[in-house]
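Here's the structure, in structure tokens; my notes come after.
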Amino acid sequence: MLEIALCSLVTILPDYLYRRYAQNKQIGRDITLYSVWFELRWGITTCLMLTVLLITIIFYYHPSSTSVTPLFRTVPILPEEGGRVSEIFVKWRDEVEKGQRIFKLDSAKQEAELEVAKRRIEEVDAAMVMGEADLAAAEGQIQQAKGAYQQSLDELATKEELRLRNADVVTVREIERLRNIVDGRKGAVVAAEAAKQAAVTRMSTLLPAQKASASAALQKAQVDLDKTVVYAGVSGHVEQFILRVGDIVNPFMRPAGILIPREAGRTQLQAGFGQIEAQVMKVGMAAEATCVSKPLTIIPMVVNGVQDFIAAGQIRAGEQLLDVPLAARNGKLLVFLEPLYEDGLDGVTPGSSCIANAYSNNHDRMEKEDLGFFTRIYLHGVDAVGVVHAIILRAQALLLPIKTLVLSGH
């Protein structure tokens, strides 16, 4: 109606003024209810054509959407592992801070595993102490073996010298026996040195590796124990929290409750505009919005993001072939709007229904580009008619409470 009223000022009104004063036709005599069309046919026809053109320009360059809402996410309250609830630290509707405990599962099994891991580390530490003793014993065995080996060498040398002086004093068999003893004691020295090397390797490689494994097992046991306590991942408040002590919870079951982040839905609006607006919607466009939860208020906004794909076109692998007309029907262009001023969305309830307008601005284009005279006139006109949509939005803001409270059968 507003567009028709504006267009009639430059079409029907001049046509009437021409009939009235140039042709001297009188209302009620020459211009009657039955002759309006015949007398004002040029003005009416031009008005209708101009109205259609104006509405097209306004809705294309200054799009509007009623599919606007401050969307918000929720965080399900779930443990990482299943178990039986032993303690509950919060209640329904409680405010929680990030890192605050929500509930705890029975941790007897995890505590036992943690104790076993601690004892395993103590066992490895004791083995390292024993290893030092074994290393010292190996050193003693080496000294003992070397001493016995040296003694046998000395005895063999003495016997061989005596035999050289007098062959009848020492028999050949005695010399062979001593040589066998020397070889055996030499092998004992090698065995003692190998035992020492094994003790060193055990101390430097095996036991540290076992201790590292035990430490890792201890850390895993501590992590498993920590997982029995469920913490708040973000600051917010708890909703639909009906958990009780003794309940069995599992991450694959439905959540124990919902955690709503404190800033959820209070920083920006998400609007669904028509697909035809894809070439018009740009980041940085000015916008305005009004919401049911904050009536009679116009919120200055700015476009800070435009999703460059339409969700209705997504496909998922399945057992049925894709029907393209069904997939592409009624898809919306998702646009993100944030308040132009800080705390602009104060008082707007997250999830509230809103109406939003976006306004094209060709000022920068006219400043940077060398455009023709008529193009500049057209772009100035496009920017100017945005006021019509702004007036319509304010009218909607005024009528929204009436429509909601009176006309909706409230």
With a 3.5 Å distance limit and no angle check, can you tell me whether [X] reaches the backbone of [Y] through a side-chain donor-acceptor pair?
X      : Y      : value
Ser235 : Lys98  : yes
Thr228 : Ser107 : no
Thr69  : Ser352 : yes
Thr45  : Trp42  : no
Thr290 : Ile355 : no
Thr74  : Ile258 : no
Glu338 : Asn304 : no
Ser67  : Ala271 : no
Thr46  : Ile44  : no
Asp383 : Asn362 : yes

Could you state the interatomic distance from [atom1] ([X]) to [atom2] ([Y]), rounded to the nearest 0.5 Å?
X      : Y      : atom1 : atom2 : value
Leu218 : Ile121 : CG    : CD1   : 4.5 Å
Leu371 : Arg365 : CG    : CZ    : 5.5 Å
Met366 : Asp364 : CE    : CG    : 9.0 Å
Phe59  : Phe273 : CZ    : CZ    : 12.0 Å
Asp346 : Ile299 : CG    : CD1   : 9.5 Å
Met285 : Ser360 : CE    : OG    : 4.0 Å

Exercise for the section: May I ask you to decide if the ring planes of Phe241 and Phe103 are parallel, tilted or perpendicular, using 30° and 60° as cut-offs? Expected result: tilted

Practice task
Could you tell me whether Lys220 atom NZ has more than 12 heavy atoms of other residues or ligands within 6.0 Å of it?
Solution key: no

Handout entry: Test item: His62 and Val382 side chains (from C-beta on) under 4.5 Å apart, heavy atoms
Key = yes

Exercise for the section: Decide yes or no for Val292 and Ser353: does some side-chain heavy atom of the first lie under 4.5 Å from some side-chain heavy atom of the second? Expected result: yes

Should [X] and [Y] count as an ion pair when the cut-off is N to O under 4.0 Å?
X      : Y      : value
Arg119 : Glu123 : no
Glu97  : Arg262 : yes
Arg266 : Glu263 : no

Show me the donor-acceptor pairs within less than 3.5 Å that the side chains of residues 202-214 make with the rest of the protein, sequence neighbours left out.
residue: Ser204; atom: OG; partner: Val200; partner atom: O; Å: 2.9
residue: Lys211; atom: NZ; partner: Asp125; partner atom: OD1; Å: 3.1
residue: Ser213; atom: OG; partner: Ala209; partner atom: O; Å: 3.1

Practice task
Could you pull out all residues at least two apart from Cys354 that satisfy disulfide (SG to SG under 2.5 Å)?
Solution key: Cys291

Problem - Shortest non-hydrogen separation from Tyr60 to Ile276 and the atoms involved - result: CE1-O, 3.5 Å

Problem - Sequence neighbours excluded, every pair satisfying salt bridge (Lys or Arg N to Asp or Glu O under 4.0 Å) that has a member inside residues 287-302 - result: Glu288-Arg394

